[in-house]
**Q** 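Have a look at the structure that comes next, please.
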Amino acid sequence: MDERWAIAAEEGGGAVLARLQPDGQPAGHILHEPDLAAAVGSRPQVTRWVWRSSAEIYPRLLASGVRVDRCYDIENTEGLLLGHAGRLGEPRSLAAAWARLTGAPVPPDPPARAAVPGEQSSLFEIQEEPVAFEALLQVYADQLRRHGDAEHPERMRLLTASESSGMLVAAEMDRAGLPWSETVHRELLAELLGERFGGSGEPRRLTELADEVSAAFGHRVRPDLPADVLKAFKNAGYQVKTTRRWELETLDHPAVAPLIEYKKLYRIYTANGWSWLHDWVHDGRFRPGFLPGGTVSGRWVTNGGGGLQIPKVIRRAVVADPGWSLVVADASQLEPRILAAISRDPALMKVAGDSGDLYKAVSDEAFAGNRDMAKLAVLGAIYGQTSGDGLKNLAMLRKRFPRAVAYVDDAARAGEEGRLVRTWLGRTCPPSGAPLDAATLEGPPADEPTPDSRHARARGRFTRNFVVQGSAADWALLMLAALRQALAPLKAELVFFQHDEVIVHCPTEEAEAVSTAIQAASDLAGTLTFGPTPTRFAFTTATVQNYADAK
DNA sequence: GACTAACGCATA
DNA sequence: ATAATATGCGTTAGTC
């Protein structure tokens, strides 16, 4: 039984709410109640809550111990609908949507507040003037109609529903937090970097390595200043253009080894050192501030602390609670499988129908068993390779998997021509900024590319990748939604999500059930997103005490 | 002091 | 196998 209610927070902790008819209009009286969380918590029969912003409301509900099954996030949906209509970038607040509906001047979105370490996810909340409840009801009804204007209305409904669900997942993950051992982290820092001068100065190891670098050059060189390092190498007779690690590695000079070690440790020191620990880890939990759909392609971002860039060495600090385990699962070779599902290339679907090594299967099919070649060709197709040996491999791929390559080629061409490009469910890549003239588009891969043609080509690589990466993000939303539902009766908690990888923290006795639930969620997401497809989305799962042991 | 660009590197 | 996609973020140097 579908029972929808709309709700909005009122001053002083109260709420205004109303039951809705299927068309979004209120089904009865509009109620005012003194306690927002109680208003929701006392209505467990409600199947979907319609509200302005999950980031505004849901952390408050969670803080009161109230969870909801489903929601409909009006401002998030407004962004997706605007994007689909090629109007990404227009204000997406409820107030703006209401103004567009009534013909009033459209207010710009308030600027997002800067990240504040340790604060709960409500920091994403758009701070704006309260809008009448009537506006919320009317904008909701209007959005329901606008879904019908989409190229694939059913897919669009799936997209907005699943991203609303993603908002719930994000708030719940931030509430739970990733278990983080401050002790292990400090031990790790001491082991890698040594003690700090005066307890808070530069770590001993960095000072030593900087001295080694200077000694190797015979004069003072500061390794954290690229200009300094470049000059030193040039004076020593080495031609280098940058101080990037892979370029330095080609040089035969005694400064190289300590320099590379310095860069590695310096990165850890600045990005995940003592200050990071102080700022971002509290009460044994790291809360990255997940934001679903934070990128154009629909990938999530985090609001602070570099939550999606936790270096592998630092993962030793992610430790399950006593008696609990971490179920770490990543979707294997996700992007080529997504390409199979969206392109419906028969040969690629066939190899993606097996959960084994996809690149090996592709190599058997088209590259005489050379897996490296096959992998390069597939990645080249997805990323838009422009040079190198891979091009030859790409030609072979095109021959054996024509529909798959045509799919991304079409996306690239659409991008180069400035047309809209969409993911499978309808998330839309905004049109390119600079319009391109016909000559630019026709122009052959000129010997000397014009800025416009370079721009068009870069655009094409972007949109080529967008359809795959973005459709993977579509799939991931449905996978998370299904997993969240499956975990609801357990003690297990989703605590981390990173593009194609999830971590569930659970009592050890639940680990097996969790692993099963993850694969089931993956299978369900495949069917829900793409319809019946032979493509398998296999998860590689490890149950560990320590994140570092998962790989 | 606030802001930005360029750089470099961590993740998928 | 650092070529190609997407990000976040901390540093320094330069500008206002």
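When reading the values below, keep in mind they use all heavy atoms of this one structure, side chains included, and skip hydrogens, waters and symmetry mates. Below, chains carry the letters A, B, ... as their sequence lines are ordered, and counting in each starts from 1.
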**Q** Passes salt bridge (Lys or Arg N to Asp or Glu O under 4.0 Å), A:Glu247 versus A:Lys263? Steps please.
**A** CA-CA 13 Å; A:Glu247 190 169 346; A:Lys263 287 156 106 56; over 6 Å; no

**Q** With a 4.5 Å cut-off on side-chain heavy atoms, are A:Leu326 and A:Asn546 touching?
**A** no

**Q** Using the side-chain heavy atoms of A:Arg244, tell me which of these nucleotides is nearest: B:dG8, C:dT5, C:dT7.
**A** B:dG8

**Q** Given atom CG of A:Leu259 and atom P of B:dG8, what is their separation to the nearest angstrom?
**A** 11 Å

**Q** Between B:dG8, C:dT7, C:dT2, spot the one nearest the side chain of A:Trp246, thanks.
**A** C:dT2

**Q** I'd like a list of close polar pairs between nucleotides 11-15 of chain C and the protein, N/O only, cut-off under 3.5 Å.
**A**
residue, atom, partner, partner atom, Å
C:dT11, O3', A:Tyr266, OH, 3.4

**Q** Atom CH2 of A:Trp276 to atom C1' of C:dG8: distance rounded to whole Å?
**A** 13 Å

**Q** For atom C1', what is the distance between B:dC7 and C:dT2, given to the nearest Å?
**A** 16 Å

**Q** Starting at CG of A:Asn303 and ending at C1' of C:dC9, how long is that distance when rounded to a whole Å?
**A** 12 Å

**Q** Calculate, to the nearest 0.5 Å, the distance between atoms CG and NZ belonging to A:Leu230 and A:Lys241 respectively.
**A** 11.0 Å

**Q** Just call it for A:Leu376: base, sugar-phosphate, or nothing, with non-hydrogen atoms closer than 4.0 Å on any strand.
**A** base

**Q** For the backbone of A:Arg427 and the side chain of A:Thr423, can you confirm whether one donor and one acceptor N or O come within less than 3.5 Å of each other?
**A** yes

**Q** Which of these nucleotides, C:dC9, C:dT5, B:dC7, is closest to any side-chain atom of A:Arg267?
**A** C:dC9

**Q** Rounded to the Å, how far apart are A:Leu308 CG and C:dT5 P?
**A** 20 Å

**Q** Please report, rounded to the nearest Å, how far the P atom of B:dG8 is from the CG atom of A:Leu248.
**A** 9 Å

**Q** Quick check for you: among B:dG8, C:dT2, C:dT7, whose closest atom lies nearest to any side-chain atom of A:Arg245?
**A** C:dT2

**Q** As a test of reading the structure: which of B:dA12, C:dA1, C:dG8 is closest to the side chain of A:Gln309, going by heavy atoms?
**A** C:dG8

**Q** Angle between ring planes, A:Trp300 versus A:Phe497, binned at 30° and 60°: parallel, tilted or perpendicular?
**A** perpendicular

**Q** Using whole Å, what does the distance between atom P of nucleotide C:dT5 and atom NZ of A:Lys375 come to?
**A** 17 Å

**Q** For DNA chain B, determine which residues of residues 464-476 of chain A have any heavy atom closer than 4.0 angstrom to one of its atoms, and list them numerically.
**A** none

**Q** Between C:dA6, B:dA10, B:dC9, which nucleotide gets closest to the side-chain atoms of A:Phe462?
**A** C:dA6

**Q** Which residues pass the salt bridge (charged side-chain N to carboxylate O under 4.0 Å, His left out) test with A:Lys360, sequence neighbours left out?
**A** A:Asp364

**Q** Using a cut-off of less than 4.0 Å, is there contact between a side-chain N or O of A:Ser297 and OP1 or OP2 of C:dT7?
**A** no

**Q** Does any non-hydrogen side-chain atom of A:Asn303 lie less than 4.5 Å from one of A:Pro288?
**A** no

**Q** Rounded to the Å, how far apart are A:Leu379 CG and C:dT5 P?
**A** 13 Å

**Q** Do any side-chain nitrogens or oxygens of A:Lys263 fall under 4.0 Å of OP1 or OP2 in B:dC9?
**A** yes

**Q** When we call it a touch if two heavy atoms are under 4.0 Å apart, what does A:Gly305 touch: a base, just sugar-phosphate, or nothing?
**A** sugar-phosphate

**Q** Please report the distance, rounded to the nearest Å, between CE in A:Met373 and P in C:dA1.
**A** 16 Å

**Q** Does the structure place the NZ or CZ of A:Arg287 under 6.0 Å from the centre of the six-membered ring of A:Trp280, at an angle of no more than 45° from the ring's axis?
**A** no

**Q** Mind checking the OG1-CE spacing from A:Thr533 to A:Met349? Nearest 0.5 Å is all I need.
**A** 6.0 Å

**Q** Measure from the side-chain N and O atoms of A:Thr529 to the backbone N and O of A:Gly526, and report whether any donor-acceptor pair falls under 3.5 Å.
**A** no

